[in-house]
Amino acid sequence: LKKGADAARGDDTSSLKELVAAWVNQEFRPSPLIKPDDKHSRGFASDVCGKLLCPAEWDWDENRVRAGIRDRTTDYIVSENSWPLFMYEKYKVDRDKLEEGFLKSKLLVLAFKAIFTSPSSAKEADGDGDGADILENNRRAQRKSEQAKVKTCVASIISMKKVTPRAIAYIVCQVRFALSCVSSWRTVDGDFDYELFWNNVVDYFEVVPGPVTKRRVDKLLEWWTR
């Protein structure tokens, strides 16, 4: 089972390596463009990838922040305990309201669709504000399978009726890795631990301090599923 899971993760990682580069190039038009087959020019060495990977509470546009992160100074250690900017809607954040737009970025939706429904369905996400449409994609896959023998989407195969915190956490980790400069998968990347980061995303949904927060995360999961 572990072997199969590792192979599936490797396939997803390989696919998103090229797809994330294409989406970033389309969205931000960096110069030079992010190469789809090369990871070495990504990460914090790249202005656009660095901005997306930068913890949301810091301003990547400030010289001291960029320099501190790149030099790994003690004041700017990037770990799994901060939310990167790529997790936010329109890649913008109100630092006084860090919950607004959280986990609603276009990159995450595109990646989710590419992995759990199909790469072609990712093209249907026009911009921020679109959920993953799991229910509609399952219905569409069912109609197609009744008409002809086709490759069924992952969400349909695993009978995904709604988007789960663990599925979102998986996609967040995959997108984070695709933006990084690391060429092969590893659990720990410098000061960043992907396993702990995955747990942090899941805990955001499942370890809630009260009813107000519970309603907020439930609403977010509904947004992803619709």
Is [X] salt-bridged to [Y], cutoff N-O under 4.0 Å?
X: Lys51; Y: Asp47; value: no
X: Asp75; Y: Arg64; value: no
X: Lys92; Y: Glu100; value: no

Could you check if a side-chain atom of [X] sits within less than 4.5 angstrom of a side-chain atom of [Y], using non-hydrogen atoms only?
X: Tyr170; Y: Phe116; value: yes
X: Arg29; Y: Asn25; value: no
X: Val201; Y: Pro165; value: no
X: Arg95; Y: Val93; value: yes
X: Thr13; Y: Gln174; value: yes
X: Arg66; Y: Arg70; value: yes

Enter the distance from [X]:[atom1] to [Y]:[atom2] here, rounded to the nearest 0.5 Å.
X: Leu179; Y: Leu52; atom1: CG; atom2: CG; value: 5.5 Å
X: Arg166; Y: Glu206; atom1: CZ; atom2: CD; value: 4.0 Å
X: Tyr91; Y: Glu89; atom1: OH; atom2: CD; value: 10.0 Å
X: Leu196; Y: Ser79; atom1: CG; atom2: OG; value: 9.0 Å
X: Asp12; Y: Leu19; atom1: CG; atom2: CG; value: 10.5 Å
X: Ile77; Y: Asp191; atom1: CD1; atom2: CG; value: 4.5 Å

### Query
How far apart are the C-alpha atoms of Trp58 and Tyr76, what are their side-chain angles, what is the distance that settles it, and do they pass the ring-ring contact (aromatic ring centres under 6.0 Å, His included) test?
CA-CA 9 Å; Trp58 299 339; Tyr76 294 102; 5.0 Å; yes

Nearest heavy-atom pair of [X] and [Y]: which atoms, and what distance?
X: Leu103; Y: Trp223; value: O-CZ3, 4.0 Å
X: Tyr194; Y: Cys173; value: CE2-O, 3.6 Å
X: Ser184; Y: Phe177; value: C-CZ, 3.6 Å
X: Arg42; Y: Asp37; value: NH2-N, 4.5 Å
X: Ile69; Y: Pro55; value: CD1-CD, 4.4 Å
X: Val208; Y: Tyr204; value: CG1-O, 3.9 Å

### Message
Between Leu98 and Leu53, is there shared hydrophobic-cluster membership here, with clusters defined by ILVMFWY side-chain heavy atoms closer than 4.5 Å?
### Response
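Shared cluster, yes.
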
### Shared hydrophobic cluster, Val48 / Leu33 (ILVMFWY, side-chain heavy atoms < 4.5 Å)
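Unlinked, Val48 and Leu33 end up in two clusters.
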
### side-chain contact (heavy atoms from CB on, under 4.5 Å) evaluation trace for Ile168 with Leu220
CA-CA 11 Å; Ile168 294 173; Leu220 179 58; 5.8 Å; no

### Message
Under the criterion side-chain contact (heavy atoms from CB on, under 4.5 Å), I'd like the reasoning laid out for Asn81 against Phe197: C-alpha separation, chi angles, the key distance, then a yes or no.
### Response
CA-CA 7 Å; Asn81 294 318; Phe197 186 54; over 6 Å; no

### Task
Could I get the full list of side-chain hydrogen bond (donor to acceptor under 3.5 Å, both in side chains) partners for Lys39, not counting sequence neighbours?
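side-chain hydrogen bond (donor to acceptor under 3.5 Å, both in side chains) check on Lys39 returns nothing, list empty.
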
Whether the side chain of [X] engages the backbone of [Y] through a donor-acceptor N/O pair (distance < 3.5 Å, no angle test) should be reported.
X: Asp193; Y: Asp189; answer: no
X: Asp94; Y: Asp96; answer: yes
X: Thr225; Y: Leu221; answer: yes
X: Glu18; Y: Pro36; answer: no

### Task
Evaluate the criterion ring-ring contact (aromatic ring centres under 6.0 Å, His included) for residue pair Tyr88 and Trp83; output intermediate values, then yes/no.
CA-CA 9 Å; Tyr88 283 84; Trp83 302 130; 8.5 Å; no

### Query
What do you reckon, is CD of Glu99 surrounded by more than 12 foreign heavy atoms closer than 6.0 Å?
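Result for CD/Glu99: enclosed.
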
### Task
Before giving the answer on side-chain contact (heavy atoms from CB on, under 4.5 Å), spell out for Lys104 and Val109 the whole-Å C-alpha distance, their side-chain angles and the decisive distance to 0.1 Å.
CA-CA 7 Å; Lys104 287 188 174 183; Val109 173; over 6 Å; no

### Message
What verdict does the side-chain contact (heavy atoms from CB on, under 4.5 Å) test give for Leu108 and Trp224, after you've listed the backbone C-alpha separation in whole Å, the side-chain angles of each residue and the deciding distance to 0.1 Å?
### Response
CA-CA 10 Å; Leu108 291 181; Trp224 268 94; 3.8 Å; yes

